[in-house]
Amino acid sequence: MTKKDDTLDPYKGPAGGWGALQSTTKHLLQSNNAVRNINTLLKTNQPQGFDCPGCAWGEKHDPSRIRFCENGAKAVNWEATSRKVDSEFFEKHSVSWLKEQSDYFLEYQGRLTEPMRYNPKTDHYEPISWQEASQQIAAKLKSLDSPNEAAFYTSGRASNEAAFLYQLFVRAYGTNNFPDCSNMCHEASGYALTGSIGIGKGTTTIEDFEHADAVFVFGQNPGTNHPRMLDTLREVVERGAQVLTFNTLRERGLERFQHPQNPVEMLTNGSKPLNTAYFTPKIGGDMAAVRGIVKLLLEKEDQGESILDWDFINEHTSGIKEYLCQVRSTSWDVILTQSGLSMDELQHAANVYCQSDKVICTWAMGITQHKHSVATIHEIVNFLSLRGNIGKTGSGACPVRGHSNVQGDRTMGINERPSDAFLDAMQRHFNFTPPRNHGLAVVPTIQAMLDGKIKAFVALGGNFAVATPDSELTSKALSNCDLNVQISTKLNRSHLVTSPNSYILPCLGRTDIDMQNGVPQKVTVEDSFSMVHSSGGVVTPLSEQQKSEPYIIALLADAVLGSHPIDWMKKVGNYDDIRNDIAQTIPGFSDFNERLSAPGGFYLGNSARERQWNTPSNSILIHSHALPDHILHDKTRSQITDKTLILQTLRSHDQYNTTIYGLNDRYRGVKGERRVIFMNPADIERLGFRGEQRVDITSLWDDDIARTAKGFKLVPYDIPVGNIAAYYPETNPLVPLESVGDHSQTPTSKSIAVELSESELDESYIAHKN
Ligand SMILES: Nc1nc2c(c(=O)[nH]1)N[C@H]1C(S)=C(S)[C@@H](COP(=O)(O)OP(=O)(O)OC[C@H]3O[C@@H](n4cnc5c(=O)[nH]c(N)nc54)[C@H](O)[C@@H]3O)O[C@H]1N2
Ligand SMILES: Nc1nc2c(c(=O)[nH]1)N[C@H]1C(S)=C(S)[C@@H](COP(=O)(O)OP(=O)(O)OC[C@H]3O[C@@H](n4cnc5c(=O)[nH]c(N)nc54)[C@H](O)[C@@H]3O)O[C@H]1N2
Ligand SMILES: [Mo]
């Protein structure tokens with residue numbers, strides 16, 4: 001790898017370790033509030049503290065350990081800042097001026113502390129009282145021709161209590177339009193798992209990792225996005241079990257790991273090799289890779305070895321015959337080309353699988369954000385089923401969720417396609433008639449805004465304008481709305497894409513003390529392992545004008561619905577009351593308040609883990625998909641030339657989704673820059689570019705829209721030929737709105753066909769954009 005300037009400086013240390021601790025300290029000291037934040041950090045994931053807002057990885061209950069990671073520390077620290085974005089700030093800065101600033105700048109300004117309303121005449125946000133804001137918003141919502149002209153977005157940090165009240169409010173108002181961040185994230189996992197094992201959640205618990213003989217990690221970067229998972233993987237390897245990684249990039253965090261809280265390892269600067277095998281499939285090549293491994297299993301079985309668990313297959317699955325035919329008829333040629341892996345590599349993976357009695361497969365966005373994600377996840381389930389690896393201790397399917405309560409929000413009914421059973425329970429308990437027709441997910445919501453069919457938008461957190469695809473089109477869609485209500489902790493671009501009626505409603509975050517009627521409240525969240533536990537803030541809020549999410553929802557609901565179907569303001573006075581309603585309507589939550597006192601929370605249960613298959617055939621449905629002819633959409637394929645590359649958009653080490661903490665990506669060796677493209681040196685040469693040259697990226701789609709992102713620096717990198725990677729969200733203007741996964745409707749953020757051209761932008765533009 002060439003290194004001529006300061007942008008790229010390959011990281012030589014192990015993941016975690018001193019580097020992580022130094023970085024944590026730096027971020028703490030930058031926040032103006034070091035002492036308060038260090039105290040806050042010590043309460044993260046503690047029985048009397050709050051749940052880390054960083055990610056959805058679970059924890060074993062162990063009071064002797066302080067559980068936080070470098071990136072969790074950044075998330076906490078960013079939230080617990082003492083900087084304020086108040087009416088003075090908005091008086092000083094017009095919306096037009098703020099629009100010119102970078103996302104990093106917006107976020108850095110601090111916490112929103114007062115309700116604000118946009119005044120189109122002055123182009124400034126101006127203060128408004130809570131009462132007035134809620135009355136005005138209610139008047140707008142009530143004036144729509146139909147409740148289906150409004151959409152209610154949720155980002156995955158909302159607590160169970162907030163999410164439950166929100167869905168009740170919105171359904172009592174009359175719509176199922178619940179676009180949520182899941183639609184862009186693990187939707188394919190939920191859809192595929194429901195269709196194969198009868199439940200849309202992972203089947204493993206954290207304890208299963210203590211018993212697994214092998215863990216297959218597909219398409220995820222835990223070193224950055226789920227750092228506490230590295231701890232678990234490290235323990236797996238220490239026990240002598242195997243970790244097999246499939247990642248298009250060689251991610252440092254998956255190659256070597258040193259735990260920052262283990263003094264001995266830190267002092268000796270030693271690290272254990274974390275992975276026992278690392279495979280770099282091509283983008284979108286995992287389904288072919290798994291198919292290849294299965295084909296090898298079948299060959300062994302045909303040669304008389306006893307590989308497949310026929311007892312399990314016969315008792316618990318249906319469709320095996322068709323699937324095995326499909327596997328036999330898939331050619332090695334296609335498997336090897338599409339996966340980009342060699343026969344030796346597939347053989348190695350197959351051998352490990354056969355030698356392991358208990359196997360877990362984990363995955364994240366490298367699997368879920370493709371056109372054929374649902375089919376790929378079905379293939380992973382098939383792979384597990386062939387040797388009875390579902391519903392057995394130490395085995396299972398483990399989609400590693402993103403936002404810290406995104407799984408809980410779905411459990412609470414944030415779902416545009418609610419089940420009848422769920423709606424029946426609402427109807428019975430609250431005595432109202434919820435709407436039965438399905439609502440809109442994220443991409444259809446944007447389309448409906450463009451078509452003028454959605455006129456009002458309410459967001460419970462998140463940054464809709466930036467997290468969604470086709471940024472220019474999405475901005476147009478949002479500004480088409482008549483009403484834009486953002487319940488947020490921090491300033492972001494979604495506040496600046498204004499409608500005639502735009503409101504910012506400032507809320508408390510996970511770290512803040514939430515007082516109702518003089519009593520501090522706790523909320524609850526669900527992690528990736530279906531464990532529910534409580535979380536209570538520890539920081540005194542910056543302003544009395546910041547309200548809790550449940551309170552804000554109750555205020556809006558009261559203004560729109562009065563006391564229908566509940567007395568909202570009374571309900572929000574004590575969150576135990578909300579939990580009592582949850583206990584009586586949502587399966588798995590009986591005696592909710594009582595069970596919360598158990599150390600570490602309680603397990604919701606998982607039917608598939610019990611080998612109860614809630615599918616039409618009461619068995620695991622073995623789906624037999626052919627491998628895709630091509631991983632790209634038809635509307636791209638007509639445009640493809642020999643210059644076309646496939647782009648995946650991913651996270652740097654210094655960001656939380658659309659929140660940018662800094663400009664470094666330590667483990668990938670990038671410094672001071674986010675506009676970079678990781679590219680194979682052979683491609684750089686073949687296409688006539690130089691390393692570190694600036695290029696513009698244009699995506700290919702068969703329509704009249706030019707989608708370009710400008711001024712990216714080429715970084716020679718160990719990535720398969722034909723594939724490139726760049727950071728999200730800067731690359732979201734390139735993802736065509738229509739480019740979504742089959743069945744999941746998830747934007748194909750990990751497989752976008754693009755071409756590169758020399759950039760004419762100068763460095764000052766880039767510095768500003770950063
Ligand atoms: N610090 C921090 N933590 C986070 C987040 C954050 O932004 N910052 N975001 C949270 C959220 S909402 C989520 S969903 C998760 C996201 O967690 P991840 O899924 O780890 O996030 P990405 O950065 O999108 O990483 C995708 C990984 O998949 C690989 N990949 C891409 N395409 C393919 C492919 O086709 N095949 C294979 N095998 N690999 C591929 C990439 O190289 C990369 O390592 O993290 C959560 N935690
Ligand atoms: N190209 C591309 N696009 C992607 C992805 C990708 O990999 N590539 N990943 C997708 C994924 S996995 C996801 S989950 C989405 C993320 O989409 P979102 O969830 O919409 O985005 P975030 O950046 O997490 O939202 C950050 C904002 O949430 C607000 N916020 C933070 N904490 C709280 C809180 O406690 N309460 C409230 N009310 N507000 C809060 C703050 O104002 C902050 O600015 O992006 C998706 N978009
Ligand atoms: Mo996510």
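In each ligand, atom 1 is the first atom listed, and ligand 1 is the first ligand listed.
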Is it the side chain, the backbone, both or neither of Thr489 that has a heavy atom closer than 4.0 Å to ligand 2? both

Below 4.0 Å from any atom of ligand 2, is there a heavy atom belonging to Thr731? no

Any idea how His653 and Tyr667 line up, ring-wise: parallel (<30°), tilted (30 to 60°), or perpendicular (>60°)? tilted

Just jot down the ligand 2 atoms closer than 4.0 angstrom to any heavy atom of Asn492, in number order. 27 (C), 42 (O), 43 (C), 44 (O)

By number and element, which atoms of ligand 2 are closer than 4.0 Å to a non-hydrogen atom of Cys507? 36 (N), 37 (C), 38 (N)

When you check the side-chain N and O atoms of Glu161 and Thr524, is any donor under 3.5 Å from an acceptor? yes

Atoms of ligand 2 less than 4.0 Å from Tyr153 heavy atoms? 17 (O), 18 (P), 19 (O), 20 (O)

Do any N or O atoms from the side chain of Asn415 and from the backbone of Phe178 form a donor-acceptor pair under 3.5 angstrom? no

Under 4.0 Å from a heavy atom of Ile487: give me the atoms of ligand 2 that qualify, with their elements. 37 (C), 38 (N), 39 (N)

Scan side-chain atoms only and decide if Ser652 and Arg674 contain a donor-acceptor pair under the 3.5 Å cut-off. yes

Considering the heavy atoms of Glu107, write down every atom of ligand 2 situated less than 4.0 Å from one of them. 44 (O)

Just jot down the ligand 2 atoms closer than 4.0 angstrom to any heavy atom of Ser488, in number order. 39 (N), 42 (O)

No-hydrogen, no-angle side-chain donor-acceptor test under 3.5 Å, Arg666 and Thr224: no

Validate the cation-pi geometry between Arg157 and Tyr656: distance from NZ or CZ to the six-membered ring centre under 6.0 Å, angle to the ring axis within 45°. yes

For Ser739, does its backbone N or O pair with a side-chain atom of Thr748 as donor and acceptor, under 3.5 Å? yes

Using distance alone, determine whether Glu549 and ligand 2 share an N or O pair under 3.5 Å. yes

List by chain and number: which residues place a heavy atom under 4.0 Å from ligand 1? Gly54, Cys55, Asn71, Cys185, Gly219, Gln220, Asn221, Thr224, Asn225, His226, Phe246, Asn247, Thr248, Leu249, Glu251, Pro281, Ile283, Gly284, Asp286, Ala364, Met365, Gly366, His370, Gly402, His403, Gln648, Leu650, Arg651, Gln655, Tyr656, Asn657, Lys750

Is it true that a side-chain atom of Arg651 and a backbone atom of Asn657 form a donor plus acceptor pair closer than 3.5 Å? no

Between Phe279 and Phe246, what is the ring plane arrangement, given parallel below 30°, perpendicular above 60°, and tilted in between? tilted

Aromatic plane relationship, Tyr108 with Tyr104 - under 30° parallel, 30 to 60° tilted, over 60° perpendicular: parallel

Kindly confirm or rule out an N or O of Phe464 lying under 3.5 angstrom from an N or O of ligand 2. no

So, the side chain of Asn723 versus the backbone of Ile283: is there a donor-acceptor pair under 3.5 Å, distance only? yes

Within ligand 2, which atoms have a heavy atom of Gly461 less than 4.0 Å away? 37 (C), 38 (N), 39 (N)

